Amino acid sequence: MTVRIGCAGWSIPKAHAAAFPAEGSTLERYAQVFDCVEINSSFYRPHRPATWRRWADSVPADFRFAAKMPKAISHACRLRSCDGLVSGFLDQVGELGNKLGWLLLQLPPSLVFDASVALPFFERLREGYDGALACEPRHASWFTAAVDQALRGLSISRVAADPAPVPRAALPGGDRLRIYLRLHGSPRTYYDAYASEALERVARRLRRAPHAWCIFDNTTLGHATANALDLKRMLDSL
């Protein structure tokens, strides 16, 4: 069983700086406390090969990155006619070597599931990448038994998200052997912290999974760091 806990990005709020080493770059300090991180900047812009290599070289051997796929693929192309963009992104993240833990594909809320588009896209993606892959759909059409079965057949994990756009989105789907939780803050997305009771429920869920990641994305006011530290302590005490 492998459980990893981290944040969307590796910023260290001043209020929690004492929990991290004082020396080193921000990523180096972060990686001494947490064992994973989600790279969100790749959603907005490409990075040079040297940047990816520097990140990989800055962290311990057992640290892992999740890389968010570009919005040019998910939002602009909407999974259509984007083979060149996908291969370019795979070349970029390949610079992380074995420190690449997941690819994350977040879909726009308006993207309806269309088997004739989504399944060929995922099949082509799988031709170039056979590692852990998480998809975060946000349209209700993705949350059916048929879609869940199709994702499972491609070893794709459907993100368990909070807040959930539809009730079923709160639960992991697709590949149940590898689950990926993205906790965005609730009730105010990106802003609010999670109470201890909510974190305890998350801890129990993580303990039941063979391979699980939990990423806190309530970063606006620094609560992601505090919640991740608290959840890590809870799991260590179980």
Side-chain angles (χ1 to χ4, degrees), residues 3-60 62-75 89 92-93 95-97 99-108 132-136 138 157 159-163 179-186 188-194 199 202 206 212-233:
V3 176
R4 294 181 184 269
I5 300 165
C7 302
W10 51 79
S11 63
I12 299 175
K14 289 183 180 180
H16 307 294
F20 298 84
E23 301 298 325
S25 68
T26 305
L27 176 56
E28 289 169 339
R29 295 167 60 211
Y30 172 99
Q32 293 302 314
V33 175
F34 296 120
D35 57 6
C36 68
V37 73
E38 186 180 280
I39 300 172
N40 275 282
S41 56
S42 54
F43 180 70
Y44 299 101
R45 63 186 185 278
H47 297 296
R48 295 178 299 172
T51 299
W52 294 96
R53 289 195 297 270
R54 184 178 72 250
W55 290 340
D57 292 342
S58 297
V59 299
D62 63 347
F63 189 92
R64 296 293 181 268
F65 294 89
K68 193 171 182 179
M69 298 186 71
K71 67 177 182 179
I73 295 170
S74 55
H75 289 57
F89 182 67
Q92 289 181 46
V93 298
E95 299 293 341
L96 293 174
K99 291 174 183 174
L100 174 62
W102 287 80
L103 291 187
L104 168 66
L105 177 69
Q106 185 186 56
L107 301 177
L133 175 59
C135 179
E136 186 178 12
R138 291 181 284 176
S157 302
V159 167
D162 184 82
I179 70 171
Y180 196 109
L181 276 61
R182 298 191 83 220
L183 307 183
H184 302 290
S186 182
R188 291 188 305 163
T189 304
Y190 308 125
Y191 283 86
D192 285 340
Y194 289 95
L199 296 179
V202 172
L206 293 174
W213 275 43
C214 181
I215 295 293
F216 288 93
D217 192 26
N218 49 340
T219 55
T220 301
L221 299 179
H223 293 309
T225 305
N227 281 162
L229 289 168
D230 287 344
L231 181 60
K232 186 174 183 293
R233 284 191 287 267

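Quick note: residue numbers are just sequence positions, from 1. Worth knowing before you read on, the calculation uses all heavy atoms, side chains too, and leaves out hydrogens, waters and symmetry mates. These numbers were taken from a predicted model, which means no experiment stands behind them.
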**OP:** May I ask you to test the F20-T225 pair for a side-chain heavy-atom distance under 4.5 Å?
**Re:** yes
**OP:** State, with a plain yes or no, whether a side-chain heavy atom of S25 is found less than 4.5 Å away from one of W10.
**Re:** no
Can you name the closest pair of heavy atoms from [X] and [Y] and give their distance?
X    : Y    : answer
P163 : G185 : CD-O, 3.2 Å
R4   : C36  : CB-SG, 3.6 Å
H75  : L107 : CE1-C, 4.1 Å
R138 : P108 : NH2-CA, 3.8 Å
P60  : Q32  : CG-NE2, 4.0 Å
F34  : C7   : CE1-SG, 4.4 Å

Original post:
Can you list every salt bridge (charged side-chain N to carboxylate O under 4.0 Å, His left out) pair that touches residues 41-55, not counting sequence neighbours?
Top reply: R53-E95
Original post:
For K68, does the NZ atom have more than 12 heavy-atom neighbours from other residues, nucleotides or ligands under 6.0 Å away?
Top reply: yes
Original post:
Taking only residues two or more places apart in sequence or in another chain, which ones pass side chain to side chain contact (heavy atoms under 4.5 Å, CB included) with P46?
Top reply: Q92
**OP:** Please identify each residue that fulfils side chain to side chain contact (heavy atoms under 4.5 Å, CB included) with K99, with sequence neighbours left out.
**Re:** A56, V59, R64, F65
Check: [X] side chain, [Y] main-chain N or O, donor-acceptor pair, under 3.5 Å:
X    : Y    : value
N218 : D192 : yes
R182 : I215 : no
N40  : A8   : no

Original post:
Under 30°, 30 to 60°, or over 60°: which ring-plane class applies to Y180 and W213, parallel, tilted or perpendicular?
Top reply: parallel
**OP:** Look up atom CD1 in I5 and atom SG in C214, then write down how far apart they are to the nearest 0.5 Å.
**Re:** 6.5 Å
